Amino acid sequence: MAPSATASDSLSPTTTSDTTENNFQPFFTLHRARSRKSEKKPTGTWKTRRRIDLSPSLPKNGENLDAEKAEAWDDFRHVNIRMEAFDDVWSKIKSTIKDVLRDINTNVFNDIHHWVRESFNMITSFAIPTFPEATGSFPMVTDATSKQLFTGLVLTKNMEFVDDLLTFEELGSFLKSQGCHVANLSSLEFSVKNGIGGCLRSILRQFLMITLDAADVSILATWYREQGSCNNPVVIIIEDLERCCGSVLSDFIIMLSEWVLKIPVVLIMGIATTLDAPKSILQSNALHHLCPCKFILGTPLERMDAVVEAVLVKQCSGFGISHKVAVFMRNYFVSQDGTITSFIRALKIACAQHFFVEPLSFMLWFLLGDDNLMLQGEKYGLSPEMMLKHALSLPSCQSIGSDKIAKQHGETIVNGLAELKKLQCQWSIVILCLYEAGKCDKVTLLDLFCEALDPDSFKSRAPDNGGGLENDSGVSSRDCYKHQQYHTTRNSGFICQAVQKLRDLPAVQICKLLKGWEKYTVNVPQIHEKVKKLLSEVKSEDGKGSGQDLSTISKRHASCKHLKIEDSKAVNEKAAKLLESMVRNYMQPLECAAFHEIVCFKNVNALQTALIGDPRRRIQVDLLEVQNIIQCSCCSSSSSNALLPSMHDSSILYTLAQEHGDLINLHDWYQSFKSVVLRLSNKGKRGPNYSPSPKKRKATTKPAKPSEASIQARFCRAVTELQITGLLRMPSKRRPDYVQRVAFGL
């Protein structure tokens, strides 16, 4: 567009000189809209106004602001206190996850250590070199049998590479605790660029604790013999075989096999696909030197079930998540190829957002019994009355009624949280009992956990509604079970699937199952007594069968066999009925309990945005809420979200664009922008230091009024920034006076 003649003629000489000096002429792209009848007609296309839904940031009147300021007990100081509580809670969750992942691999790690010791004894049985021989610069000349390199192939079952790092780090720490010399090598060190020298330098750096320019395997042999006691093997762990360069790894294996008598090396390699992977990666001469032994780690789902049981079912920290959040995290775990690290990251983000948003989240520690709740409140400057007031204003309490809650819990929040803790304990016990029954039908704890959190499913099972467990459809079909990994009986759900499997179990498995229930239900006497009674019936039936005479059994074989089948079915039916009553009476989801907002994170949209991201909406929100982000003195003094000249030009323009439709008239847009920019100079001639007395009058330096050219240059630059961010489309030849909005609230 070209500048209008009127605008250029009206410029003063000062303005013209400023324009020439600052070279603003190329940016004169605006002119008045031409009076065309076709453009004056209102059309539904560009008259439609679209605004971004930003309900939390809507302007508030003065009364609401004063009320919020008067009741601003949840200020930045309390946010910092809640984040301190988050640090404590997450440290407990993190330590629990670390212990669980270490314990689940304990058996495999013990087997690996036992194999490492046997391999070491086999190596030392060939020959024990003297100190001069061991520290020589050349390998010992022996037969081919003594050049075998004992290699452990650890199958990770397609675990993500990030999880492999944690697993092999734990394996290295475990072997070090058993006295082995351990060095961990990543696949990056087996590259063509680094070669064998890079691998040796990494090993020497880990053992000698220094960095050497010369990569010589004889230095490693000398170091090993100088340790004094040569009763411990050297273990080298290669974390990911498939990512290594085959030629470099083959040369590395051949070199170690030649020095294996001087340095008793045992090799451990992680394999993510199949045990045949070394054949497709290594050279044939390197494969001849390997003496493999396979070890299999737990599957990602098994590891996930262990984490879910310790952190979310047993609730080691008291923190919980809602049904929608659980389903999203389950699907996110599946979409990330079963990565435990991705699930833990999502859990940490959910926990951090909960503590940052929920004012009463610091009370979560009360559920653990670590401290007195009222003492914590007084320590944070909150009176018991204030805590009770905010607790009774929670949606879960309002739905039941504050009077009923106050009467039921003795008008104290302490009893309410104690009741919540009791319900959580009962719920977790029923989940674990269901999981024991569902294991026989390959039902995962993660699936049961998601279904058990569904409040709609609980309401359909409630005795008041007359809904039976058989009619429970489980989880809503619109949200979950979208992946092929979770094939189930859609008509019944995972809970009914576990109960139905219980009716088909043999007597031996029923007895074992009831023993597990007896251990889980110790803290719930009502359930524990029924389990013990049923377990005694099973044991008495077994005693009767084992106490009969052999000849009597042979005579009554047909009739006794029929009776045993009938008795077994009766016991199975009793166990199934007991489990159904436990589900109906004790498996109340967290979202159906009062005060659950204190411990339960429910904002699945915030979690999804944090994990997956929504950059375009984030840009729009930042432009519209720039005052809350920058928090400068000029913006904080304003009681509303009014536009100020001190704001960034892009923020001013995008806020003004909210008053237009799909098409924005450039001239009108510019005039609005110009009025905002010139607002500071039009507020009045008297400054804050003005005094009516001539003697006390002080000379003040007022900011110069911005010129027309500078305003147009700022406008053009801001429009270009909005175009680069993808929020605007520049004028076309058909309508050169309009820009088009291409992004709205998402």
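Here the structure is a predicted model, which is why all the values come from computation and not from measurement.
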Could you tell me whether the side chain of [X] and the main chain of [Y] form a donor-acceptor pair under 3.5 Å?
| X | Y | answer |
| --- | --- | --- |
| Glu451 | Leu448 | no |
| Ser95 | Lys92 | yes |
| Asn194 | Phe190 | no |
| Trp517 | Val531 | no |
| Asp305 | Leu445 | yes |
| Ser335 | Phe333 | no |
| Glu242 | Ala272 | yes |
| Asn572 | Pro506 | no |
| Thr521 | Val524 | no |
| Asp441 | Val443 | no |

Nearest heavy-atom pair of [X] and [Y]: which atoms, and what distance?
| X | Y | answer |
| --- | --- | --- |
| Leu453 | Ile321 | CD1-O, 3.7 Å |
| Val100 | Ala306 | CG1-CB, 3.5 Å |
| Asn231 | Arg117 | O-NH1, 3.1 Å |
| Lys501 | Cys440 | CE-O, 3.7 Å |
| Phe168 | Gly270 | CZ-CA, 3.3 Å |
| Ser191 | Val248 | O-CG2, 3.6 Å |

Enter the distance from [X]:[atom1] to [Y]:[atom2] here, rounded to the nearest 0.5 Å.
| X | Y | atom1 | atom2 | result |
| --- | --- | --- | --- | --- |
| Leu155 | Leu275 | CG | CG | 5.0 Å |
| Ile281 | Cys245 | CD1 | SG | 10.5 Å |
| Gln426 | Met582 | CD | CE | 10.5 Å |
| Arg243 | Leu241 | CZ | CG | 12.0 Å |
| Ser186 | Asp240 | OG | CG | 9.5 Å |
| Leu578 | Leu534 | CG | CG | 6.5 Å |

Side chains of [X] and [Y], heavy atoms from C-beta outward: is any pair under 4.5 Å?
| X | Y | result |
| --- | --- | --- |
| Lys577 | Glu573 | yes |
| Leu347 | Ile344 | no |
| Cys180 | Pro233 | yes |
| Ile510 | Leu502 | yes |
| Ser361 | Arg82 | yes |
| Arg303 | Thr167 | yes |
| Gln283 | Leu287 | no |
| Leu185 | Ile237 | no |

For Tyr332 and Phe343, I'd like to know if the aromatic rings sit close, meaning centre-to-centre distance below 6.0 Å. no
With a 6.0 Å cut-off on ring centres, are Trp115 and Phe295 close enough? yes
Please tell me whether [X] and [Y] have a donor and an acceptor in their side chains that are separated by less than 3.5 angstrom.
| X | Y | value |
| --- | --- | --- |
| Glu309 | Tyr435 | no |
| Glu239 | Ser187 | no |
| Asn105 | Glu170 | no |
| Asp88 | Ser91 | no |

Salt-bridge contact Asp99-Arg102 (side-chain N to carboxylate O under 4.0 Å): yes
Quick test of your reading of the model: are Lys574 and Glu537 salt-bridged, counting only N-O distances below 4.0 Å? yes
Any chance you could lay out the side-chain contact (heavy atoms from CB on, under 4.5 Å) test for Gln148 and Ser257, step after step, and finish with the verdict? CA-CA 6 Å; Gln148 289 292 317; Ser257 64; over 6 Å; no
Is the number of heavy atoms from other residues, nucleotides or ligands within 6.0 Å of NZ (Lys530) greater than 12? no
Enumerate the salt bridge (charged side-chain N to carboxylate O under 4.0 Å, His left out) contacts for residues 511-527, please, sequence neighbours excluded, ordered by first and then second residue. none
Should the pair Phe174 and Phe109 be assigned to parallel (<30°), tilted (30 to 60°) or perpendicular (>60°) ring geometry? tilted
Aromatic plane relationship, His354 with Phe319 - under 30° parallel, 30 to 60° tilted, over 60° perpendicular: tilted
Tell me, please, which residues at least two apart from Phe207 pass ring-ring contact (aromatic ring centres under 6.0 Å, His included). Trp223
Show your working on side-chain contact (heavy atoms from CB on, under 4.5 Å) between Val265 and Phe120 and close with a plain yes or no. CA-CA 8 Å; Val265 177; Phe120 175 72; over 6 Å; no
For Ser317 and Val311, run side-chain contact (heavy atoms from CB on, under 4.5 Å): C-alpha distance rounded to whole Å, both residues' side-chain angles, the deciding distance at 0.1 Å, then the answer. CA-CA 7 Å; Ser317 64; Val311 177; 5.6 Å; no
Give the C-alpha distance, both sets of side-chain angles, the deciding distance and a yes or no for side-chain hydrogen bond (donor to acceptor under 3.5 Å, both in side chains) between Asn184 and Gln206. CA-CA 8 Å; Asn184 288 70; Gln206 296 183 52; over 6 Å; no
For residues 586-604, dump all side-chain donor-acceptor pairs below 3.5 Å to protein atoms at least two apart in sequence or in another chain.
unit_1	atom_1	unit_2	atom_2	d
Gln588	NE2	Cys592	O	2.9
Glu591	OE2	His323	N	2.8
His596	ND1	Ala593	O	2.8
His596	NE2	Lys602	NZ	3.2
Glu597	OE1	Ser396	OG	2.7
Glu597	OE2	Ser396	N	2.9
Glu597	OE2	Ser396	OG	3.4
Asn603	OD1	Asn605	N	3.4
Asn603	OD1	Ala606	N	3.1

Step by step, work out the side-chain contact (heavy atoms from CB on, under 4.5 Å) result for Glu189 and Ile238. CA-CA 10 Å; Glu189 290 161 327; Ile238 302 174; over 6 Å; no
